[in-house]
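Everything on this sheet refers to the single structure shown next.
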Number of protein chains: 2
Amino acid sequence: MNYANKAWDGLAALGDPTRREIFERIAIRPSAVGELARGLPVSRPAVSQHLKVLKAAGLVSEQAQGTRRIYRLDPRGIGAVRDWLDSHWATAMTAFQDYADRQHDQEAGT
Amino acid sequence: MNYANKAWDGLAALGDPTRREIFERIAIRPSAVGELARGLPVSRPAVSQHLKVLKAAGLVSEQAQGTRRIYRLDPRGIGAVRDWLDSHWATAMTAFQDYADRQHDQEAGT
DNA sequence: CACGTTAGTAAGTCATGGCTTACGGTAAGC
DNA sequence: GCTTACCGTAAGCCATGACTTACTAACGTG
């Protein structure tokens, strides 16, 4: 139960729509900064700043290739957020089931 | 592959730390608005507004109980975000594996 | 039936953070 | 070595959105 820390950073990072867009493009294909910026309605420095946040959250990793920096998905950070959500999803499922059962019992009881 | 829509709303909603805090408290135990506000450093209307966003994203559901509104987790919205993340996590894993293999082959080749 | 409790909405304030331009710095190519 | 391409950081601007107070509404209780 310590995905909480990393999961929070990840969720905070994925809260911005532009960052989600960048994230999804990287998911399709690892890309360099300028390459990403060319397909987006924001400037290249803006993309750089977003990548910095995504990297700090552990969602993407960077690899130098000449003067280019190739960004790709980082399974670790993504996995942390996934686990956090999965845990809450399971909680929600059982809670919902219990709730539905109780409703049913109440109706049957009267 | 249409969790994208709901997942985006969910991620946008969970981007705010106060909303995540509210979300986690509801996960522990379904609660009314005032009850939540009492344990948080923000006013009751602020909590109301956050719950509105969470509900619109399909992450929580509301049930009237007298003048009180009980909020509980909604598995549907949470599941959508979970699936979105799970999908990208799987992508990241295989991509990372491929990348590692290629690095290894390159080293062996020389 | 009035009062107290609970909660959503409106309006307005203010800070967070996303964006831009400008700059500096590194690696490849001629 | 000089130029070109690629990228991160700094500084500053500005809009989004989170928060507050005030108001209105609905339900239960004495």
What is the distance from [atom1] of [X] to [atom2] of [N], rounded to the nearest Å?
X	N	atom1	atom2	result
A:R44	C:dG18	CZ	C1'	16 Å
B:Q49	C:dG8	CD	P	10 Å
B:K55	C:dG8	NZ	P	8 Å
A:E62	C:dT26	CD	C1'	13 Å
A:D16	C:dT16	CG	P	17 Å

Kindly indicate whether the side chain of [X], heavy atoms from C-beta on, has any atom under 4.5 Å from the side chain of [Y].
X	Y	answer
A:V53	A:D16	no
A:L85	B:W84	no
B:I26	B:L59	no

- By nearest-heavy-atom nucleotide on DNA chain C, the more 5' of B:R38 and B:K52 is B:R38
- Going 5' to 3' on DNA chain D, which nucleotide is the first and which the last to come under 4.0 Å of a heavy atom in chain B? D:dA18 to D:dC27
- Item | Residues, nucleotides or ligands: over 12 heavy atoms within 6.0 Å of A:R76 CZ | no
- Message: Can you say whether a donor on the side chain of B:Q65 sits under 3.5 Å from an acceptor on the base of C:dT6, or the other way round?
- Response: no
- Message: Between B:E24 and B:R20 (salt bridge meaning N to carboxylate O under 4.0 Å), is one present in this structure?
- Response: no
- Message: Could you walk me through whether A:T18 and A:H50 satisfy the side-chain contact (heavy atoms from CB on, under 4.5 Å) test, starting with their C-alpha distance in whole Å, then the side-chain angles of each, then the deciding distance to 0.1 Å, before giving a yes or no?
- Response: CA-CA 8 Å; A:T18 304; A:H50 283 307; 3.7 Å; yes
- Task: Classify the nucleic acid contact of B:A64 as base, sugar-phosphate or nothing, counting any heavy atom under 4.0 Å across all strands shown.
- Result: nothing
- Task: Apply side-chain contact (heavy atoms from CB on, under 4.5 Å) to B:I22 and B:V60, showing your working.
- Result: CA-CA 10 Å; B:I22 293 174; B:V60 305; over 6 Å; no
Give a yes/no on whether any side-chain N or O of [X] is located under 4.0 angstrom from OP1 or OP2 of [N].
X	N	answer
A:T18	C:dC19	yes
A:H50	C:dC19	yes
A:S43	C:dT20	yes
B:Y71	C:dG8	yes

